[in-house]
**Q** 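Take a look at the following structure, please.
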Amino acid sequence: MLSNRQLFQQHLAQTSEFPLMTEVEKAEGIYLYTPEGKRIIDLISGIGVSNIGHRHPKVVAAIKAQVDKYLHVMVYGEFVESPQVKLAKALSDTLPAPLDNIFLVNSGSEAVEGALKLAKRFTGKPNLVSCFSSYHGSSHGALSVTGDEGFKQKFRPLLPGVRHITFGHIPDLNVIDEYTAAVIIETVQGEAGVKSAGREYFKALRQRCTEAGALLILDEIQCGFGRTGSFWAFEQYDIVPDIVVAAKGMGGGMPIGAFMSSKKVMHVLTDNPVLGHITTFGGHPVSAAASLATLEVIQEQKLFAQAENKAMLFKKLLKHPFIREIRNNGLMMAVQFESFDILKPILDLCLERGVLSDWFLFNNSAMRIAPPLTIDTREIGEACDIILGAIKDA
Ligand code: PMP
């Protein structure tokens, strides 16, 4: 009989050049456990997903309660389903006016697809603007606005009319013109290796979009849901976008995403004769119930409020000549090393010693640190000890 590792290699389609090859048996809080009983500190939260920790008891309870009622009953948007409508209301309450209309989908990529289609439909304009080094997803539309040529080149032709600008560079905003349907931008760039652009840039971006009649879509799929020190990262820049997209941390470990806008913008999606976006499983009731519980945990415990202080502790402890720089916005952090060749053996040794981290899609010499927001001071100390020991020994 083949072992699970052998089955993984023989039958599971692979996406990674360097799969971790560690089997997970259980996960709880900030920890993962292997069948051999090894305990691993999860410093990356399934890439920005387990913001409130693995299997948070309130999320597990919400899932169980919903499973006892119904699973899928009808394509999205036909029946009135309590988990969906309660979640839509709770999400609306986190957003500034006039953003109060929520389209629930299955993933980040699907949320981006929906947002791009909505912007084209609302404005009637053909073009899109996004940033170099951005990551917006793997489906064709989301890939088209992703800003990494290497990631895209084998899949052309992609969407026409997409132009890329440099994140944080105000003069580039002139590219946004009367033919631009939307600008899509990560409020904090994730896969570029955690890059922030600051308030002045986002203010100028907002103004340019308004002048040109383009919608501003903020991709908060990685930086939203408490990751950066506020519930949404854009709250730090004092701007109101036209559309927000979310996923990842939104489901507390369950698959769900959303594109969110005003009723005025969103209603064009259902204008006859052409429907705008259809999704069978979007806002699955079990995922929606989990998401509502997740949102409540983050809000009640104000988990985002401690993110910056916890990041400061990481920064204080992680001092070593090999570490060139640590960038962060809340608990979305990148520890910059000189090269992948230096970082990779450190990561391998960390995992061996019980700390999980990785690198970024478009920056493979930076270590990703994005633990559950619930991580405490002692656990941060333990994780940093292991990282420093691995740097020394690798
Ligand atoms: N946008 C950003 C900023 C992301 O980080 C990701 C996922 N890494 C996506 C979009 C795509 O999300 P998904 O993998 O759920 O399709």
Side-chain angles (χ1 to χ4, degrees), residues 13 15-16 44-51 103-119 128-148 151-152 155 158-159 162 164 167-168 182-197 202 216-228 232-234 241 243-260 277 279 281-284 287-288 290-291 294 327 329-334 357-364 366 368-370:
T15 65
S16 169
I44 51 178
S45 308
I47 314 292
V49 170
S50 314
N51 289 2
F103 201 121
L104 297 170
V105 293
N106 294 283
S107 69
S109 295
E110 194 191 350
V112 168
E113 296 296 331
L116 297 178
K117 288 163 69 185
L118 176 60
L128 298 164
V129 171
S130 66
C131 289
F132 292 112
S133 298
S134 63
Y135 183 73
H136 296 292
S138 272
S139 52
H140 268 82
L143 187 60
S144 301
V145 287
T146 287
D148 182 84
F151 216 70
K152 305 203 294 189
F155 302 104
L158 292 165
L159 276 187
V162 176
H164 297 298
F167 184 65
V183 178
I184 181 163
I185 187 165
E186 293 161 274
T187 319
V188 178
Q189 280 198 330
E191 296 311 314
V194 185
K195 299 272 170 71
S196 303
F202 278 95
L216 174 58
I217 305 171
L218 293 184
D219 182 338
E220 293 250 351
I221 289 166
Q222 193 166 147
C223 61
F225 263 76
R227 176 56 52 199
T228 66
W232 301 111
F234 73 81
I243 304 176
V244 179
V245 289
K248 284 188 177 281
M250 181 180 167
M254 293 293 283
I256 191 165
F259 56 103
M260 303 171 268
H277 190 80
T279 175
F281 288 126
H284 190 283
S287 294
S291 180
T294 303
R327 296 179 295 276
N329 189 323
L331 275 174
M332 186 168 170
M333 310 184 74
S357 177
D358 73 339
W359 57 92
F360 297 87
L361 266 181
F362 308 140
N363 181 344
N364 68 4
R368 187 195 304 271
I369 297 193

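Whatever order the structure lists ligands and atoms in, that order sets their numbers, starting from 1.
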**Q** Once you restrict to heavy atoms under 4.0 Å, what part of Ala247 touches ligand 1? Side chain, backbone, both or neither.
**A**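 Neither part.
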**Q** Establish, from distance only, whether the side-chain atoms of Ser130 and His164 form a donor-acceptor pair under 3.5 Å.
**A**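 On atom types as modelled, these side chains qualify, holding a pair under 3.5 Å.
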**Q** Ignoring hydrogens and geometry, is there a side-chain-to-backbone donor-acceptor pair from Lys248 to Ile47 under 3.5 Å?
**A**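 Yes, because the side chain of Lys248 sits within donor-acceptor range (under 3.5 Å) of the backbone of Ile47.
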**Q** Tell me the protein heavy atom at minimum distance from atom 14 (O) of ligand 1, and give that distance in Å.
**A**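 That would be Ser109 OG, 4.6 Å.
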**Q** Show which atoms of ligand 1 fall inside a sub-4.0 Å distance from at least one heavy-atom site of Gln222.
**A**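 Answer, ordered by atom number: 5 (O).
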**Q** For the residue pair Phe259 and Phe103, does the interplanar ring angle fall in the parallel (under 30°), tilted (30 to 60°) or perpendicular (over 60°) class?
**A**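 Plane angle under 30°, so parallel.
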**Q** Does ligand 1 have an atom that lies less than 4.0 angstrom from a heavy atom of Asp219?
**A**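 Yes, that is the case, since the closest heavy atom of the residue is under 4.0 Å from the ligand.
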**Q** Determine the sole option in Gln189, Arg227, Glu191 for which the side-chain hydrogen bond (donor to acceptor under 3.5 Å, both in side chains) test with Gln222 is passed.
**A**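 When Gln189, Arg227, Glu191 are each tested with Gln222, the side-chain hydrogen bond (donor to acceptor under 3.5 Å, both in side chains) holds only for Glu191.
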**Q** Determine if the distance from atom 5 (O) of ligand 1 to the closest protein heavy atom is below 4.0 Å.
**A**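 Within 4.0 Å: yes, protein heavy atom nearby.
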**Q** Record the part of Glu186 in heavy-atom contact with ligand 1 below 4.0 Å; permitted values are side chain, backbone, both and neither.
**A**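 The side chain, only.
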**Q** Side chain, backbone, both or neither: which applies to Glu110 and ligand 1 if a contact is any heavy-atom pair less than 4.0 Å apart?
**A**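 Near ligand 1, Glu110 shows nothing, with every heavy atom at 4.0 Å or more.
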**Q** With atoms numbered from 1 as shown, which atoms in ligand 1 lie under 4.0 angstrom from a non-hydrogen atom of Lys248?
**A**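 In order of numbering, the contacting atoms are 4 (C), 5 (O), 6 (C), 7 (C), 8 (N).
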**Q** Nearest to atom 2 (C) of ligand 1, what protein heavy atom do you find, and at what distance?
**A**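 Heavy-atom neighbour on the protein nearest atom 2 (C) of ligand 1: Tyr135 O, 3.3 Å.
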**Q** Please confirm whether the backbone N or O of Ala233 pairs with a side-chain atom of Glu220, one donor and one acceptor, at under 3.5 Å?
**A**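 Between the backbone of Ala233 and the side chain of Glu220 there is a qualifying donor-acceptor contact (under 3.5 Å).
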**Q** Donor-acceptor check, side chain of Asp148 to backbone of Phe151, threshold 3.5 angstrom: yes or no?
**A**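 Pair found, side chain donor or acceptor close to backbone of Phe151.
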**Q** When you measure from the side chain of Lys117 to the backbone N and O of His277, does any donor-acceptor pair fall under 3.5 Å?
**A**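 No; judged by distance alone, with no hydrogens or angles, the pair does not exist.
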**Q** Within a distance under 4.0 Å of any heavy atom of Gly108, pick out the atoms of ligand 1 and give their elements.
**A**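 With Gly108 as reference, the close atoms of ligand 1 come out as 12 (O), 13 (P), 15 (O), 16 (O).
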